Amino acid sequence: MSAPSSPARPVDRQARALRLGPRTWLALALVSAVGVAGFGWPFLAPPDSAVNAHEGDAPWLFAGLLVLLVAVVAAALSESDLGAKAVAMLGVLAAAGAALRPVGAGTAGLEPMFFLMVLSGRVLGPGFGFALGSVTMFASALLTGGVGPWLPFQMLAMGWFTMGAGFLPGPDRLRGRPEVWMLAVYGFLAAFAYGTVMNLAGWTFMPSLASNIAFDGADPVAVNLARFVAYCLATSLGWDLGRAVITVVLTLTVGATVLRALRRATRRAAFEAPVTFDDAPR
């Protein structure tokens, strides 16, 4: 007589605070496409184009477009399954991230908020991650007085940064040290990517006569690309390295604890369960 087989271990399926529909994905794709154009126009536009002829105005134009498109994404998110519990968690995490940003501001790029964004995007998914990254950057700008034409670019870049963590493999099965190390590597690379794309947003504001590493719309793409690499190495490498290191250190030391806390809060919130009201006893 054969022994009864043991029941299969249930899969720890990770809940998502926000399920994105086709319209929201379309809005995200649209804002990302305009964002790519806004960040990369110095390399996408030929030297004789009208955009390069107004290189001082181009960043302002794209900033205005991003403001409008972020509003479109916000409207699309409001039509998704963003319930009251998900809104509450979004507010709590955005407030925590905004409070963490000034902690290391001005100190070699030590910004602990990036660590929280990576772990939150991993647990709560790409849709919630994009909303969280954008809202957190907006709230932190209000808190620190960092409102300016660069803010829409910061919101979009942080939204990409946090959303990317939600696309990492194994959201339902990968746990323990392998997951923590994966998030640490992603946080390290994404911290440099964030700094690089934000350099694109500010590099074009530098007058071409002020430095030999400034953008010049009359020069070919290869020359401006070499100047941009030199600009990144000269101005932001230390800040990006500090951001990447603090993200890795916090992820490896307290990441497992924060992941458990976020997953516990997500399970208890039961985002995907419908809210019902029992009739009061008579």
Side-chain angles (χ1 to χ4, degrees), residues 14 28-29 31-33 35-40 42-44 93 97 100-101 103-105 107-134 136-137 140 150 153-203 225-226 228-259 262:
Q14 186 164 291
L28 284 172
V31 73
S32 296
V36 169
F39 282 116
F43 305 124
L44 299 174
L93 291 175
L100 284 174
R101 190 183 182 196
V103 170
T107 310
L110 302 180
E111 297 175 289
M113 68 169 289
F114 284 79
F115 140 81
L116 180 62
M117 296 298 101
V118 171
L119 271 59
S120 299
R122 169 65 173 176
V123 172
L124 293 163
F128 189 91
F130 185 88
L132 175 62
S134 301
T136 301
M137 189 57 68
S140 66
W150 53 85
F153 293 96
Q154 288 179 326
M155 293 171 61
L156 181 60
M158 185 58 69
W160 284 341
F161 178 94
T162 313
M163 180 172 65
F167 284 120
L168 292 174
D172 298 324
R173 296 182 179 274
L174 187 63
R175 295 290 185 270
R177 297 305 294 177
E179 180 184 35
V180 171
W181 275 103
M182 179 185 68
L183 294 175
V185 172
Y186 172 80
F188 184 86
L189 297 176
F192 278 98
Y194 175 87
T196 301
V197 297
M198 286 310 304
N199 284 339
L200 278 172
W203 176 51
L225 181 60
F228 177 68
V229 173
Y231 175 83
C232 292
L233 294 176
T235 61
S236 69
L237 180 61
W239 288 85
D240 295 340
L241 181 61
R243 182 188 303 117
V245 169
I246 193 64
T247 301
V248 170
V249 170
L250 290 175
T251 301
L252 295 180
T253 53
V254 299
T257 302
V258 175
L259 285 171
L262 287 172

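Since the model is a prediction, treat every value here as computed from it, not as a measurement.
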| So, for G255 and L119, which heavy atoms are closest and what is the spacing to 0.1 Å? | O-CD2, 3.5 Å
| Side chain to side chain, M113 and I246, heavy atoms closer than 4.5 Å | no
| task | Enter the distance from L100:CG to F115:CZ here, rounded to the nearest 0.5 Å. | result | 8.5 Å
| Going by heavy atoms in the side chains, are T162 and T136 under 4.5 Å from each other? | no
| What's the verdict on side chain to side chain contact (heavy atoms under 4.5 Å, CB included) for L124 and L93, showing C-alpha distance, side-chain angles and the deciding distance? | CA-CA 11 Å; L124 293 163; L93 291 175; 3.6 Å; yes
| task | Please say whether the positively charged group of R243, taken as NZ for Lys or CZ for Arg, lies over the ring of F114, i.e. under 6.0 angstrom from the six-membered ring centre and within 45 degrees of the axis. | result | yes
| message | Rounded to the nearest 0.5 Å, what separates atom CG in N199 from atom CZ in F153? | response | 13.0 Å
| said: Taking the side chain as everything from C-beta on, heavy atoms only, tell me whether F228 gets closer than 4.5 Å to T196. | reply: yes
| query | About how many Å separate CG of L252 and CH2 of W181, when rounded to the nearest 0.5 Å? | reply | 4.5 Å
| field | Contact summary for S134 and G159, nearest pair of heavy atoms | value | OG-CA, 4.0 Å
| request: Would you name the heavy atoms of L116 and G97 that are closest together and state the gap between them? | output: CD2-N, 3.8 Å
| message | Return the CE to CG distance between M163 and L156, rounded to the nearest 0.5 Å. | response | 8.5 Å
| query | For the residue pair G166 and P126, what are the closest heavy atoms and their distance? | reply | O-CD, 3.6 Å
| remark: When rounded to the nearest 0.5 Å, the distance separating CE of M137 from OH of Y194 is 3.5 Å
| task | Give the minimum heavy-atom separation between S120 and L132, together with the two atoms involved. | result | CB-CD2, 3.4 Å
| said: Tell me the closest heavy-atom pair linking A190 and F161, and the distance in Å. | reply: CB-CE1, 3.1 Å
| Any donor-acceptor N/O pair, T247 side chain to F188 backbone, under 3.5 Å | no
| said: Just so I know, are the side chains of R122 and L174 near enough to count as touching, which here means a heavy-atom distance under 4.5 Å? | reply: yes
